[in-house]
Every structure is written in C-alpha cells, then in structure tokens.
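Both ligands and their constituent atoms are indexed starting at 1 by order of listing. Since we're looking at a predicted model, the values are computed, not measured. FYI, the numbering just counts along the sequence from 1.
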Amino acid sequence: RMLKRQMQCRLDINRLNAVFLAIYESLIPSEEEKVKQEQFFMLLEKLVNKEWPEAGLYLYGSCANSFGVSKSDIDVCLAIEDAEINKSEVLLKLADILQSDNLQNVQALTRARVPIVKLMDPVTGISCDICINNVLAVVNTKLLRDYAQIDVRLRQLAFIVKHWAKSRGVNATYQGTLSSYAYVLMCIHFLQQRRPAILPCLQEIGHTYSVTVDDIQCAYFDQVEKLRGFGSGNKETIARLVWGFFNYWAYNHDYANAVISVRTGSILSKHEKEWTRRNGNDRHLICIEDPFETSHDLGRVVDKFSIKVLREEFERAADILHNDPNPCATLFEPY
Ligand code: GTP
Ligand code: MG
C-alpha cells in the first residue's frame, strides 16, 4: 500500500510538472512577436533621434528582462543627459512627433507618478509607454535578464507566479498589491535560498559591471555565461518549486520582522533597515528590498487591507497545491 501510494504521488507530481511546463511554453512570446517589437522599437528610435540626436532610447521592463509573456505592452525609456530639461515639455514634444507619424492613441500623461507618453502602433497592435530618464529601471532590467540566463527554472517559476498573480487580481500596485517586478524579485530570492542554491547572489561576487545612476552605484557580476549550470546540484522540479514558493509566502515568511534581499541573497531584519514603523505612506507590511535603490521597499504599496488579500491568496495557492489532485484548474481560476 505504501509503495502504491508513493508511486501515485510520483505520477501526480510528474503530471503537474508537465502541466506547469505546458503553461510556461504557452506564455512565451513567439519569435515573430519579438521581431515585430524590435521593428517597432527601431521606428521609435529613428523618430526620436531626429529631434534629439544625442539621446538614447532603451527598452526596459518585461519586454527586455525576459519575464515578458506574449502580448505584453512594451516599456521604453528616453535618456537625455541634459540636466536642464523639463520632463513635461519633452513628453509633450515627443507626443507631438509621434502623433504626426500616424501612431495611434498618443497621450502625454505629464501628471502621473511616473510621467509617460502612451501610444499604440496600428501596424503591429503593440502598445507602448515611454518615460524619460528612468535609467535605474533600465539597469534593474539588465540584472533580471542576467539572472534569467543562469537557470531556466527562474523564468519558469516567474512565468507561473506572474500568471497566477494576474489571474487572481494581485498584480496591481494601484490596488495595493505587488508589481511584476516585485514578484520576479521574490522568485530570485526564493531560488537563492534553496539548498543547494539554484541561483547565486550576483551582487556579492566580483563585479564585472558597474554604473552609477542617480548617485547610486549599481555593480554586480554580469558574466553569467560562466555561471550556467550553477544550480545543477539541485534537482528540484518546477512543480516542487512552485509549491515551495507559495508555501514560503503562506506559512514560512516572517512578516513581522523579515525583509527579503536579492542584493545580499539573504533575509535582513526590518529593524536594521528602519522599516519597523509606518513612514509617510510606506507601511512595510511585506518587505522586498530593491537590489539597487536599497532604501526602496517594493512592498510599500501594500496596505492593511491588501496585505490580507495577498496572504489569503498565498495560502489559497499553497493549500490547493497541497490537497487538490488536479490543482491547475483552481490555482489560476479568475477571481
Ligand atoms: P508586466 O508588464 O506585468 O509584464 O511586467 P514588467 O516587468 O514590465 O513590470 P512593470 O510594468 O511593473 O515594471 C516595468 C519595469 O519598471 C520593471 O521591470 C522595473 O525595471 C521597473 N520598476 C517597476 N517598479 C519599480 C520600482 O518600484 N522601482 C524601480 N526602481 N523600478 C521599478
Ligand atoms: Mg511592463
């Protein structure tokens, strides 16, 4: 009977693994889609360089960090060195230029928290947000992309977690839940903490890449091709990791005291970061340290209502994975 039960378990976990891998594969953007994105980006570059020959245009966010699922919007950053510029004026000018090139739904949102121009390319159907001088986001995009090269399980785990978060309605910072960027950091941290570790801590090993942005030094080991196979001593499957991830955030994370830190590959205390009290609008109810802007808690958007929603969703996911013989249908059920 014991043996039979064990074999049944192994069958179930193998099947669950296959289901998660199939979901992952179905979310990956096609080559064709990537080509369209690149062509659209080149068109933008041409238009921008006509007006600002010295400026740089960069892709950031999920279209460039390798955690983007099919049909995502693209995030673009216009970097202008000139310290004198007025962001609103640049955005309005930019909107003007794009409008006269037949791009659709061009809108300059100059009063948003992060001011942007939004637009849509009628040829490819791609939507795009352009911001000005958000160079830190370009650098953290590179960090995430570099981590993704080390072990494919990071990309698989993050796709499943993002898909879950979008299905369950817990991926909206304006509603007090977490950004995609925060979820990817949670996945990286989780894989750094496995024993044996699946990911290293790139900021703790010899720096091969270093830039200073907005007075913040961003440095880490970026020769990740040398780290392929780093996690091969750990044979955990994606099904095991997804379960472990939700179980950690449902039952093992110390919400009262702990800060997760990809920068150090460890858990820090709220006390040492002075994140124990509410600070303005930052409540620190779930603490995720930004790898470069270390004073920045990506959990700051979470309030006393949404923390409850989040934790209940983590528990729901962990319980489904623990008890449900066919968990995928329920796990991703629209809320
Ligand atoms: P999806 O659009 O949901 O697929 O994911 P995304 O990776 O594009 O995430 P999102 O649109 O939330 O953020 C876009 C990028 O902005 C992220 O990849 C980060 O580079 C950056 N970003 C987002 N939030 C923050 C933040 O609070 N601080 C910093 N420094 N960068 C951020
Ligand atoms: Mg995005």
Side-chain angles (χ1 to χ4, degrees), residues 23-24 26-29 33-34 37 40-41 57-79 109 112-120 126-148 154-155 157-188 203 211-218 220 259-263 275 279-284 286-302:
I23 294 174
Y24 163 69
S26 73
L27 294 170
I28 297 177
E33 194 178 334
K34 293 308 270 182
Q37 282 184 356
F40 177 50
F41 180 73
L57 203 64
Y58 301 93
L59 281 172
Y60 73 101
S62 64
C63 58
N65 66 15
S66 73
F67 295 101
V69 305
S70 180
K71 310 210 167 54
S72 304
D73 297 353
I74 69 173
D75 299 301
V76 175
C77 168
L78 172 61
L109 307 180
R113 191 180 58 82
V114 179
I116 52 170
V117 172
K118 285 179 100 57
L119 66 138
M120 210 266 280
I126 298 174
S127 295
C128 162
D129 292 350
I130 307 179
C131 67
I132 314 277
N133 288 352
N134 191 1
V135 182
L136 265 180
V138 177
V139 177
N140 67 39
T141 293
K142 173 174 158 58
L143 179 72
L144 266 46
R145 185 176 58 234
D146 286 338
Y147 268 113
L154 170 59
R155 197 167 175 228
L157 176 64
F159 269 50
I160 299 292
V161 169
K162 275 179 68 172
H163 182 53
W164 163 84
K166 285 184 203 290
S167 310
R168 300 300 301 166
V170 287
N171 180 206
T173 48
Y174 62 91
Q175 289 175 342
T177 56
L178 299 169
S179 66
S180 296
Y181 177 57
Y183 282 114
V184 176
L185 292 173
M186 289 156 80
C187 292
I188 295 174
Q203 289 169 277
V211 287
T212 303
V213 180
D214 306 340
D215 293 328
I216 297 172
Q217 204 212 348
C218 306
Y220 67 94
V259 175
I260 65 156
S261 163
V262 164
R263 172 180 62 98
W275 284 354
N279 191 341
N281 266 335
D282 294 7
R283 293 172 181 83
H284 307 301
I286 173 172
C287 295
I288 302 158
E289 181 194 60
D290 186 272
F292 300 124
E293 258 182 303
T294 56
S295 63
H296 197 48
D297 175 7
L298 292 162
R300 72 198 180 287
V301 292
V302 177

Would you indicate whether the side-chain heavy atoms of [Y] and [X] approach each other to under 4.5 Å?
X: Leu59; Y: Ile74; value: yes
X: Phe67; Y: Ser180; value: no
X: Lys162; Y: Ser62; value: yes

Measuring from the heavy atoms of [X], does anything fall under 4.0 Å of ligand 1?
X: Leu136; answer: no
X: Lys142; answer: no
X: Phe67; answer: no

- Check: of Cys77, Ala158, Ala137, Cys63, min heavy-atom distance to atom 21 (C) of ligand 1 comes from Ala137
Polar contacts were defined as any N/O atom of the residue lying under 3.5 Å from an N/O atom of the ligand; does this apply to [X] and ligand 1?
X: Tyr60; answer: no
X: Asn171; answer: no
X: Gly68; answer: no

Contact atoms of ligand 1, heavy-atom distance to [X] under 4.0 Å:
X: Leu298; answer: 26 (C), 27 (O)
X: Asn140; answer: 19 (C), 20 (O), 29 (C), 30 (N), 31 (N)
X: Thr141; answer: 20 (O)
X: Ser179; answer: 12 (O)
X: Glu293; answer: 30 (N)

- Query: In Asp75, the N, O or S atom nearest to the Mg ion (ligand 2) is which?
  - Reply: OD2
- Where's the contact between Asn65 and ligand 1, heavy-atom distance under 4.0 Å: side chain, backbone, both or neither? side chain
- Task: Could you see which bit of Asp290 sits under 4.0 Å from ligand 1, with heavy atoms only: side chain, backbone, both or neither?
- Result: side chain
- Task: Could you check atom 11 (O) of ligand 1 against the protein and tell me its nearest heavy-atom contact, residue, atom and distance included?
- Result: Asp75 OD2, 4.1 Å
- Identify the closest protein heavy atom to atom 28 (N) of ligand 1: which residue and atom is it, and at what distance? His296 NE2, 3.4 Å
- Message: Is the ring pair Trp275/His284 parallel, tilted or perpendicular, if the boundaries are 30 and 60 degrees?
- Response: parallel
- Query: Between the side chains of Tyr181 and Asn65, does any donor sit under 3.5 Å from an acceptor?
  - Reply: no
- Task: Over all heavy atoms of both residues, which pair between Glu289 and Arg263 is shortest? Give the atoms and the distance, please.
- Result: OE2-NH2, 2.9 Å
- Under 2.8 Å: N/O/S of Asp129 next to the Mg ion (ligand 2): no
